[in-house]
Structures are given as C-alpha cells and as structure tokens.
Amino acid sequence: MTFKSIKGTKDLLPDESGRWLHLEAVIREVMTAYRYAEIRTPTFEETAVFSRGIGEETDIVGKEMYTFTDKGGSSLTLRPEMTASVVRAYIQHSLAEQGGVTKVYYIGPMYRQERPQAGRLRQFHQFGAECIGAAAPACDADIIAIAADIYARLGIRCTLKLNSVGDPVCRPKYREVLQAYLAGVHDRLTLESQRRAETNPMRVLDSKAPQDIDATMDAPSILDHLSDESRAHFDAVRACLDDFGIPYVIDPRLVRGLDYYTKTAFEFVSTDLGSQDALGGGGRYDGLTEQLGGKATPAVGFAAGMERLLMVLEKSGYTFPSDALSVYIVGLDERSRRWSHVQAVRLRREGIPAECDFTGRSLKAQMREANKRGARHVVIVGEEEMASQRAIVKTMETGEQQSIEFASLLSYFLRLPVSPNSDASAYVSTH
RNA sequence: GUGAGCGUAGCUCAGUUGGCAGAGCAUCAGAUUGUGGCUCUGAGGGUCGCGGGUUCAAGCCCCGUCGCUCACCCCA
C-alpha cells in the first residue's frame with residue numbers, strides 16, 4: 001500500500017508549475033501597479049477568528065472548516081479564506097496607526113472540508129486584495145478594477161455581477177419586507193429555502209433551484225430599499241466603473257456566502273466553466289474589524305480562485321510562456337562529459353539556462369533529449385574537440401553547425417539575442 | 001450530508017455469450033563510424049483497486065470494501 005495525497009488535495013507537478021508561476025507573476029504585476037503590497041499570514045488561526053469573522057450562520061463556518069485541537073488544547077482552524085486573517089493582522093499590528101489606507105494583496109492556499117468536485121478542492125488557492133481604512137466608493141471600484149484588469153490581461157471572458165446588500169440601517173427593514181413576501185410563497189419554495197426564509201432570507205434569492213427562482217420571480221428587490229447612504233454609495237461605485245470602462249450587470253439577487261458584507265457585493269462568473277462558475281468575488285465589509293475586536297474601520301476586498309482561473313485559461317487555449325532551454329551540452333566520453341558540466345555551470349552563472357547529461361547516454365540519446373527539452377543550441381564535445389579546444393555548436397532550429405573555440409564559447413552565447421518567446425516573468429520567484 | 005458513474009501498462013482507453021492480458025501515446029534501444037525532429041524495427045512495463053463468493057475456468061457474474069470522478073448543497 002503506497003501513500004497518496006489527501007482527498008481534495010493535489011500535487012503540482014513540474015510540467016504545470018510554470019503555468020502557476022506565470023499566473024502569479026501577472027497577478028503580482030497588476031497588484032504592484034495598483035500599489036497593493038503583499039501580506040502573508042499564517043495558514044491557521046485561532047478558530048474564533050473565522051467563526052466570529054465570517055459568521056456562525058455561514059456554510060463555511062457551519063460545516064466546512066478544518067478545525068483541530070492542538071496539544072495545548074486550543075481550537076485552531078486552517079484558514080478557509082483570507083479576509084478574516086488579514087483583518088486580524090491589521091488589528092494586531094495597529095496598522096491603522098500608520099495613517100492612510102492599508103492596501104494589501106495575497107496569494108496562497110485555503111482549506112475547506114467539502115466533497116471535492118470539478119473546480120472545488122479541499123486545499124485550493126486564492127489571490128485577492130483588501131483595501132482597509134476608507135469608506136469611499138472609489139475604494140470599491142479600485143478593488144473591482146484590480147480583478148477586472150487581471151482577468152482582462154489574461155484574455156478571460158467573464159461577467160461582473162454587481163449588487164448592494166445594504167447597510168445596518170436598511171438591511172433589517174428589507175429583511176422584514178422580504179420575509180413577509182417569502183411567507184406568501186412559502187409552499188412553492190424548496191425545503192431548503194423554506195428553512196432559509198427564517199434564518200437568512202436573502203439567500204433564498206440566491207438559490208439556483210428553478211422552483212425557487214420561479215416562486216421569487218417578483219420578490220422585492222434590495223435595490224428598492226436601500227438607505228440614502230447606501231444608494232449614493234452604490235451609484236458612486238457604478239459611476240467609477242463606468243469611468244474605468246469596466247462593464248457590469250446589476251444583479252439584485254446576488255448575495256454572497258459570507259455574513260460580513262455591507263453595501264457593495266460583486267462576483268465574476270465565467271461562461272466557460274462547469275457548475276462551479278464563480279471565478280471570484282468580494283465586497284465591502286465595514287463591520288468586520290469591529291466584529292474582530294478592533295475599532296470600526298471601513299474596508300473592501302475581493303478573493304479569486306487560482307484553480308478556476310487556470311481551468312478557464314486552459315479551456316480558452318491561452319498560450320503560456322515556454323520555459324525555453326537555451327543550451328544543451330553533450331559530452332561523449334568521461335573527460336568531455338566533465339567539461340560539459342563545467343561549461344553548463346559557467347553559462348548558468350551568467351543567467352543562461354543550460355543542461356547536460358547525467359546518465360552517460362549515447363550522442364544520439366543526448367541529442368534526442370536536447371530536442372525534447374526544446375534546447376535552442378547544442379554544444380557537442382568529444383575526444384577530437386577536447387584535443388582541438390574547439391566545440392561544435394549546433395543551432396537546432398536550422399540544423400546549422402559551427403566550430404567555436406572553447407575560450408569564446410561563453411561570449412558567443414552571451415551575444416545571442418534574447419529569444420522572443422521566453423518570458424522572464426515566468427521565473428520571478430514567488431518567495 | 002445526498003445522488004450517479006468509473007477503477008485494466010506511466011497516460012488515454014479496448015477487452016465479445018466467462019476460455020492464454022491488448023492498442024495508441026509515452027519511455028528505452030536500434031536502422032554501417034560522432035548528430036535531434038519525420039519514418040521504420042524492436043524491447044521493457046500489469047497483484048485487471050482490494051477482499052471474499054460462484055465456476056473446471058473470473059478482467060468479465062455475485063457480495064463486501066476502498067479509491068476516484070461528476071452532480072446536488074454552497075462556494076473559489
């Protein structure tokens with residue numbers, strides 16, 4: 001019996017890690033341009049950070065958390081999302097005292113114990129951004145623009161759905177109106193929605209069951225019940241998006257699964273995915289900081305799924321940059337083999353990707369390997385070359401060969417133009 | 001938590017009414033001296049998920065079990 005990775009977790013193998021590096025590079029580029037700085041928090045927290053932050057009533061807290069007790073008896077939880085952790089760190093380190101707005105982004109693994117399926121894993125990866133410390137609608141638009149830009153940069157077709165879920169003034173009132181309406185159609189709702197009509201009526205509108213959609217066809221809209229403040233905020237966010245040239249559709253039924261949202265709520269959905277089509281989403285969470293024991297602080301943020309992004313990119317035939325190998329160095333006998341390794345190291349120290357054979361294979365086999373690896377040039381050295389101190393340099397694309405003095409090999413490769421399809425950003429370290 | 005489908009080579013999958021375990025791709029080697037791709041030839045690689053049962057005989061039928069996948073719920 002051999003070991004296997006845990007259900008719902010995946011190994012990222014060498015032939016696909018380049019795609020992740022590229023994606024991460026694009027994300028970091030956009031985040032940096034927007035002047036958001038990376039934040040890294042621990043992958044686990046005291047359980048209460050999430051149960052209080054996200055809300056006891058949510059599915060995430062109710063049934064999806066990876067919670068365990070450590071040897072000291074504390075209840076700890078693997079983070080199911082990042083916002084609560086970021087806010088905890090914001091409070092803990094008094095970032096508010098530095099003045100101004102705190103703008104951070106993150107990329108990392110999250111954990112939810114659910115039954116895995118297409119586009120859903122137990123360990124999955126999200127990137128996202130949070131803008132903490134300002135109530136202006138411009139912040140909401142700024143956050144949305146980041147996500148929209150990243151998707152645009154990757155050529156992804158998706159729809160931005162926008163809504164307002166109101167504030168502590170108008171939401172309770174709307175809730176009553178909605179509840180009254182739902183009571184009227186009670187018998188036509190699914191059992192699940194009948195239950196939710198009591199606990200979290202707005203989620204009934206979010207149901208995908210045809211039965212529920214039919215029954216709530218002309219349910220009262222939150223947008224007709226917004227307070228003046230929320231109304232003005234919503235309109236201002238829309239105006240910003242219009243100014244930015246970011247298209248969106250208003251969806252008054254959009255309700256996100258986390259309890260902390262106020263005012264703006266949004267979601268990016270893909271038309272190219274299966275049943276898990278949410279690429280990312282977010283919203284304003286003006287009450288969360290207080291919820292976690294800090295001073296009342298307005299904030300907005302979004303989170304998006306990396307795996308789902310990759311799925312869409314692969315479906316759309318997105319061309320990822322190739323990890324071009326520049327030089328493969330073939331050695332034929334013991335002495336030339338040792339020489340070829342030394343040359344490979346010299347080239348690498350100059351930033352030129354180079355490889356040589358470690359398995360003592362034949363010239364033909366090494367050539368095959370070089371070709372398979374996509375080497376642009378192959379250096380061939382055997383007894384004769386060692387004797388004459390001149391190496392054969394073959395350009396794979398054309399098949400042309402020339403003889404180059406050992407002494408000028410390095411400068412020969414340094415003079416070559418950088419290949420057009422290599423992408424330096426693919427090699428940017430992520431740590 | 002609920003429902004459905006699938007487990008055969010590294011990968012994708014054939015395998016008939018139960019009768020010697022297969023293909024394509026990949027890997028490795030070769031096609032006159034030390035040269036890749038295309039082509040050709042050959043080789044290696046299997047506890048048919050696991051355990052039990054029926055049978056002269058099980059990849060195939062029956063029971064159990066584990067795993068994977070997809071869907072519901074919800075989300076990324």
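Lettering of chains follows the sequences in order, A, B, ..., and the numbering in each one begins at 1.
Within 4.0 Å of A/A365, counting heavy atoms only, lie sugar-phosphate atoms of the nucleic acid but no base atom. Using a 4.0 Å heavy-atom cutoff across all strands shown, A/G119 reaches at least one base atom of the nucleic acid. Within the 4.0 angstrom heavy-atom criterion, no nucleotide atom of any strand lies near A/E307. Among the protein residues, A/R361 comes within range of the sugar-phosphate backbone only, with heavy atoms under 4.0 Å from sugar or phosphate atoms but none that close to a base. Within the nucleic acid shown, A/R308 comes within 4.0 Å of at least one base atom, counting heavy atoms only. Counting any heavy atom pair closer than 4.0 Å across all strands shown, A/E385 reaches a base atom. In this structure, A/L309 reaches neither bases nor backbone, as no heavy-atom distance under 4.0 Å exists between it and the strands shown. Within the 4.0 angstrom heavy-atom criterion, no nucleotide atom of any strand lies near A/G281. Within the nucleic acid shown, A/E81 has no heavy atom closer than 4.0 Å to any nucleic acid atom.
Going from the C1' atom of B/A58 to that of B/U17 covers 14 Å, rounded to whole Å. A gap of 12 Å separates the P atoms of B/G30 and B/G37, to the nearest Å. For the P atoms, the distance from B/C66 to B/G59 is 23 Å, rounded to whole Å. B/G46 and B/A9 are spaced 6 Å apart, taking the C1' atom of each and rounding to whole Å. Annotation: B/G1 and B/C60 have their C1' atoms spaced 34 Å apart (nearest Å). When the P atom is compared between B/G34 and B/C38, the two are found 23 Å apart, to the nearest whole Å. Look at the C1' atom in both B/C68 and B/U12: the space between them is 16 Å, to the nearest Å. Of the P atoms belonging to B/G36 and B/U27, the separation is 16 Å, rounded to the nearest Å.
Evaluation of atom-type donor-acceptor distances gives no pair under 3.5 Å for the side chain of A/E267 against the base of B/A76. Put simply, the side chain of A/Q366 and the base of B/G34 share no donor and acceptor less than 3.5 Å apart. In the interface, the side chain of A/Q117 is paired with the base of B/C73 through a donor and an acceptor atom under 3.5 Å apart. Contact annotation: side chain of A/R368 to base of B/U35, donor-acceptor pair absent below 3.5 Å. Under 3.5 Å, the side chain of A/K394 and the base of B/U35 form at least one donor-acceptor pair of N or O atoms.
With distances taken from any side-chain atom of A/E369 to the nucleotides B/G36, B/G3, B/C28, the minimum falls on B/C28. The side chain of A/Q401 has B/U35 as its nearest neighbour among B/G36, B/G30, B/U35. For A/K4, the side-chain atoms get nearest to B/G67 when compared with the rest of B/C68, B/G34, B/G67.
The side chain of A/R203 contributes an N or O atom lying less than 4.0 Å from OP1 or OP2 of B/C75. At B/G36, one or more side-chain N or O atoms of A/K364 fall inside 4.0 Å of OP1 or OP2 (strictly under the cut-off). OP1 or OP2 of B/U27 has at least one side-chain nitrogen or oxygen of A/K372 nearer than 4.0 Å. Between A/R120 and B/C73 there is no side-chain polar atom (N or O) within less than 4.0 angstrom of OP1 or OP2.
Between the CD atom of A/E355 and the C1' atom of B/G36 there is a distance of 15 Å, given to the nearest Å. Distance, A/I27 CD1 to B/A76 P: 16 Å, rounded to whole Å. Going from atom NZ of A/K161 over to atom P of B/A76 covers 12 Å, rounded to whole Å. Per the geometry, CE belonging to A/M82 stands 15 Å off P belonging to B/A76, to the nearest Å. Look at NZ on A/K63: it is 9 Å from P on B/C75, rounded to the nearest Å. Summarising the geometry, the separation between CG on A/N371 and P on B/A26 is reported as 13 Å, rounded to the nearest angstrom.
No side-chain N or O of A/S85 forms a donor-acceptor pair with one of A/R79 less than 3.5 Å apart. Side-chain contact of A/Y111 with A/Q123: a donor-acceptor pair under 3.5 Å is present, judged by distance alone.
The shortest heavy-atom contact between A/R171 and A/M202 is CD-SD, 3.6 Å.
Searching all strands for a Watson-Crick or G-U wobble partner of B/G19 with both distances below 3.5 Å returns B/C56. Under the Watson-Crick and G-U wobble criteria, each requiring two contacts below 3.5 Å, nucleotide B/A4 is paired to B/U69. Pair assignment for B/U39 gives B/A31, based on Watson-Crick or G-U wobble hydrogen-bonding distances that are each under 3.5 Å. Under the Watson-Crick or G-U wobble criterion, with both distances below 3.5 Å, B/C11 is paired with B/G24.
Position along RNA chain B of the nearest nucleotide to A/R112 versus A/P116 favours A/P116 as the more 5'-ward residue. Of the residues near RNA chain B, A/G382 and A/I6, the one whose nearest nucleotide (by heavy atom distance) lies more toward the 5' end is A/G382.
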Margin query: Set out, in order, the CA-CA distance, both residues' side-chain angles and the distance that settles salt bridge (Lys or Arg N to Asp or Glu O under 4.0 Å) for A/R337 and A/E334, then state yes or no.
Written below: CA-CA 5 Å; A/R337 226 179 265 288; A/E334 172 132 18; over 6 Å; no
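Between A/L76 atom CG and A/T47 atom OG1 the span is 6.0 Å, to the nearest 0.5 Å.
For A/H377 and A/F413, the distance between ring centers is under 6.0 angstrom. Aromatic ring centroids of A/Y151 and A/F268 lie under 6.0 Å apart. Ring pair A/Y66/A/F68: centre-to-centre distance not below 6.0 Å.
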